[in-house]
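Report on the following structure.
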Amino acid sequence: MDVEEFRERGKEMVDYICQYMQEMGERRVTPAVEPGYLRKLLPAEAPVKGEPWEDIMSDVDGKIMPGVTHWQHPRFHAYFPSGNSYPSILGDMLSDAIGCIGFSWAASPACTELETIVMDWLGKAIGLPEDFITSTPKSTGGGVIQSSASECVLVSMLAARNQAINHLKKSSPDVDDSAFLPRLVAYCSQESHSCVEKAAMILLVKLRILDPDENCSLRGETLRKAMEEDEAAGLVPFFVSTTLGSTACCSFDNLVEIGPICRAKPSTWLHVDGAYAGNAFICPELKPLMAGIEYADSFNTNPNKWLLVNFDCSCLWVRDRLRLTGALVVDPLYLQHANSDEAIDYRHWGIPLSRRFRSLKLWFVIRKYGIEGLQAYIRNHIALAKKFEELVKNDNRFEIVNDVRLGLVCFRLKGCDSLNRNLLATINASGKLHMIPSMVKGKYIIRFCVVTEKACEADIVTAWKVINEHATDILDSQKPATPEVVARPPLTRQKSRRFSFTRSVSRDIYKRTMSKSNLHDGATPILIPDDETDSPESNDGILEAITNEDDDVFITKDFNDFSIKEEPKCQRV
C-alpha cells in the first residue's frame with residue numbers, strides 16, 4: 001500500500017467508522033454466534049499473495065462484525081464504560097503513524113514530556129495530593145500511563161514488596177531476598193478486583209481477602225485485626241489494596257480509617273484503585289468520595305473507562321517515584337543517554353520496555369472537551385443512573401441492592417437467585433440489551449451501568465421496557481393460559497448459561513469454592529451447583545421449558561403448561 005492508496009483507504013475507513021458509530025443502535029448488542037464460528041469462515045493458512053483491499057473489508061463486514069460485541073451500543077449496560085470518542089481515535093491514529101517507542105526521554109522527548117504534563121493536568125483536576133504532581137516544587141512523586149489497572153496494581157505491589165524486603169534486610173543483611181517472601185502478606189477486600197489476587201500470585205506473596213461491612217466497604221478495624229493476627233504469626237504486612245468504586249457494586253473502602261493504620265506500619269504500602277470512580281473526582285461535588293486519599297502511596301484511575309479515552313490508558317500516580325523505580329530499574333548501556341539525570345525515563349516505571357505514545361489521545365480529549373465538558377459527561381451518566389434507579393424503585397417486583405452514587409445500579413427481582421439468573425439469561429439472549437451479574441451482599445444481582453457517551457433518558461426508558469417485559473414473561477408463569485404466542489430466538493441451556501455468566505459445577509466443588517473468599521469483580525462466572533440447576537423444583541424449569549434446539553422457536557406465555565413447581569425459598573411477587 002503506497003501513500004496514495006493509504007490516503008484513499010484512510011478516508012474510506014473514517015467514513016466506515018462514522019457509519020458504524022451512527023448505525024450501531026440498529027444492530028444486536030451481542031453476537032448470535034457460537035465458539036469457533038470464525039475458524040469455519042477463514043482459511044486455515046495465511047495467504048501467500050496479497051489480496052485486494054475490497055476483499056478484506058468485505059470479510060470485515062461479513063465475518064468479523066457478526067462476531068463483535070458492540071461495547072459502544074446504546075443498549076450495552078454491562079461492565080463499566082469502555083472509553084471512546086472521536087478525538088481519542090484521532091489521537092491513536094496519530095500515535096500509530098508516529099510509531100515511536102517512548103521508553104526514554106532520548107527515544108522521543110515529546111512522548112515523555114507530554115505524558116508528564118497531561119498526568120499533572122489530570123492529577124490536579126482529580127484533586128490528588130501535591131506530592132503526586134511532578135511539577136509541584138520539591139515533589140518526589142509523579143504519574144505514568146500504564147496499559148491497565150491490573151498493571152498499576154502489579155507494579156505498585158512490586159514496589160511495595162521491594163520496600164518491605166529492604167526494610168527487613170536492615171536487620172538481616174545477609175539473608176537472600178527470596179527468603180523474605182513467605183513472610184510477606186498483602187490485604188484487600190472481597191470487593192476488590194481479581195487483579196489483586198493475580199498480582200499476589202505473580203509476586204509469590206500471601207494475600208488475605210477481608211470481609212467488607214454491610215455497605216461492601218472495607219473498614220479500618222477489620223484490617224487492624226487481620227494485621228495483628230498475622231504479625232503475631234510472624235508475618236509482615238506490606239501492601240493494602242483499597243478500592244474507590246468497586247466493580248461489583250461501586251462501593252468505597254474507608255480510607256479515613258485504613259490510612260492511619262497503614263501509615264503507622266514501618267513498610268506498608270497503601271494503594272487506592274479508582275479505575276472507574278476515580279475519573280468522577282474531577283467533579284467538585286464528588287471529591288468527598290475520595291476522603292483519606294492523603295494517606296495513599298499510589299493511586300490509579302482509567303480514563304479509558306470514564307473519560308472518553310480509548311483503551312489502553314490507565315493512569316498511575318505515586319507519592320515517591322524512587323520507591324517505584326527502585327524496584328524496576330534495569331539500566332543496560334544501550335539504553336543509557338546523556339540526559340538521564342535531568343529527565344524521566346518511563347521504562348523504569350512499569351513492566352514493559354516498549355511504550356506507545358498514549359499521552360496524545362489523553363491530551364486530545366482533555367483539550368477538545370475541556371474539564372467542563374468531561375464533567376458534564378460524567379454528571380449526565382450519574383443523572384441517568386438515578387433515573388433508572390427511580391424506575392426500578394417504582395416497580396415493587398424489584399429491589400435496589402447498592403447505594404447508587406455514580407453510574408452503576410445493582411438491582412434484582414425480589415425472590416430467589418435462580419429467578420434472576422433466568423431473567424438475565426433471557427434478556428441477554430434476546431440481543432436487545434446486555435448486562436452482567438455479580439454477587440452483592442450474598443445475593444445474585446444484575447448490574448446496569450450507563451455506558452455510551454451520548455446516553456440519554458430515552459435509552460434508559462427503552463432499557464427498562466425490555467427488562468420489564470422479560471420480567472413480566474417470567475412472573476406471569478403463574479397466571480392463566482392465554483392464546484398469545486411470542487417468537488423468540490433459540491436459547492439452549494449452554495447459551496443461556498454463557499449469557500447469564502454462570503457456570504454449573506458439582507455440589508462438592510461448589511461447597512469448596514464457597515468456603516473461599518472469592519473476589520466479586522464482575523468478570524468471573526458465578527458458580528451454581530448442578531443439583532440446583534437441574535432440580536425440577538427450581539425456577540430453572542422455566543429455562544428448560546424455553547430451551548429448544550430448532551431454528552424456529554415459539555414460546556407461549558402460558559408457563560403453566562410446563563407444570564413448574566414453586567421453589568420453596570422463592571417468593572413470587
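Note that R319 lies outside the cation-pi zone of W269, set by a 6.0 Å cut-off to the ring centre and a 45° limit from the axis.
Contact record, M157 with A186: CE-CB, 4.4 Å, taken as the closest heavy-atom pair. Shortest non-hydrogen contact noted between L328 and W349 is CD1-C, 3.8 Å. Minimum interatomic distance between G415 and N420 (heavy atoms only, all atoms of both residues): O-ND2, 4.5 Å. V440 approaches C216 most closely through the heavy-atom pair CG1-SG, 4.1 Å. Across all their heavy atoms, E151 and P352 have their closest contact at OE2-CD, 3.0 Å. The nearest pair of heavy atoms linking I446 to L423 is CD1-CD2, 4.0 Å.
Using modelled atom types, one side-chain atom of R28 and one backbone atom of T30 make a donor-acceptor pair closer than 3.5 Å.
The only member of L184, D176, V175 that meets side-chain contact (heavy atoms from CB on, under 4.5 Å) when paired with I165 is L184. When each of R321, R263, R323 is tested with D297 by the rule salt bridge (charged side-chain N to carboxylate O under 4.0 Å, His left out), just one qualifies, namely R323.
S82 OG to F76 CZ: the interatomic distance, rounded to the nearest 0.5 Å, is 7.5 Å. To the nearest 0.5 angstrom, Q146 atom CD is 7.5 Å from S314 atom OG. The CG atom of N302 sits 8.0 Å away from the SG atom of C315 when rounded to the nearest 0.5 Å.
Two residues are said to be in side-chain contact when any heavy atoms from C-beta on lie closer than 4.5 Å; V365 and L307 fail this criterion. The shortest side-chain heavy-atom distance between V401 and C249 does not fall under the 4.5 Å cut-off. No side-chain heavy atom of P437 sits less than 4.5 Å from a side-chain heavy atom of R447. Residues E453 and N84 form no side-chain contact, since every pair of their non-hydrogen atoms from C-beta on lies 4.5 Å or further apart. Residues F80 and L408 meet the side-chain proximity criterion, which asks for heavy atoms closer than 4.5 Å. Counting heavy atoms from C-beta outward, R358 and L362 have side chains that stay 4.5 Å or more apart.
Atom NZ of K225 is surrounded by 12 or fewer heavy atoms from other residues, nucleotides or ligands within 6.0 Å. No more than 12 heavy-atom neighbours from other residues, nucleotides or ligands sit within 6.0 angstrom of NZ on K198.
Side chain to side chain, T134 and T116 fail the donor-acceptor criterion of an N or O pair below 3.5 Å. Counting only N and O atoms by type, the side chains of Y79 and T247 include no donor and acceptor under 3.5 Å apart. At a cut-off of 3.5 Å, with distance as the only test, a side-chain donor of N310 or S88 sits close to an acceptor on the other residue.
Scored by the ring pair (Phe, Tyr, Trp, His ring centres under 6.0 Å) test, H70 finds Y20 as partners (sequence neighbours excluded). Every residue two or more places apart in sequence or in another chain that forms a salt bridge (charged side-chain N to carboxylate O under 4.0 Å, His left out) with K169 is listed here: D177.
Looking at E231 and K265, a side-chain N of the basic residue comes within less than 4.0 Å of a carboxylate O on the acidic one, giving a salt bridge. Remark: R208 engages E229 in a salt bridge, criterion side-chain N to carboxylate O under 4.0 Å. The pair E130-K124 does not meet the salt-bridge criterion, since no charged nitrogen lies less than 4.0 angstrom from a carboxylate oxygen. Using a 4.0 Å cut-off between charged nitrogen and carboxylate oxygen, D417 and K443 do not count as a salt-bridge pair.
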Using distance only, find each side-chain donor-acceptor pair of residues 232-243 under 3.5 Å and give its atom names and separation, not counting sequence neighbours.
| residue | atom | partner | partner atom | Å |
| --- | --- | --- | --- | --- |
| T242 | OG1 | H271 | O | 2.9 |

Could you go through the salt bridge (charged side-chain N to carboxylate O under 4.0 Å, His left out) check for R219 and D253 one step at a time? CA-CA 7 Å; R219 303 299 298 272; D253 291 336; over 6 Å; no
What's the verdict on salt bridge (charged side-chain N to carboxylate O under 4.0 Å, His left out) for E399 and R412, showing C-alpha distance, side-chain angles and the deciding distance? CA-CA 6 Å; E399 62 180 326; R412 69 194 305 271; 3.2 Å; yes
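Between F252 and F281, the two ring planes are tilted [angle within 30° to 60°].
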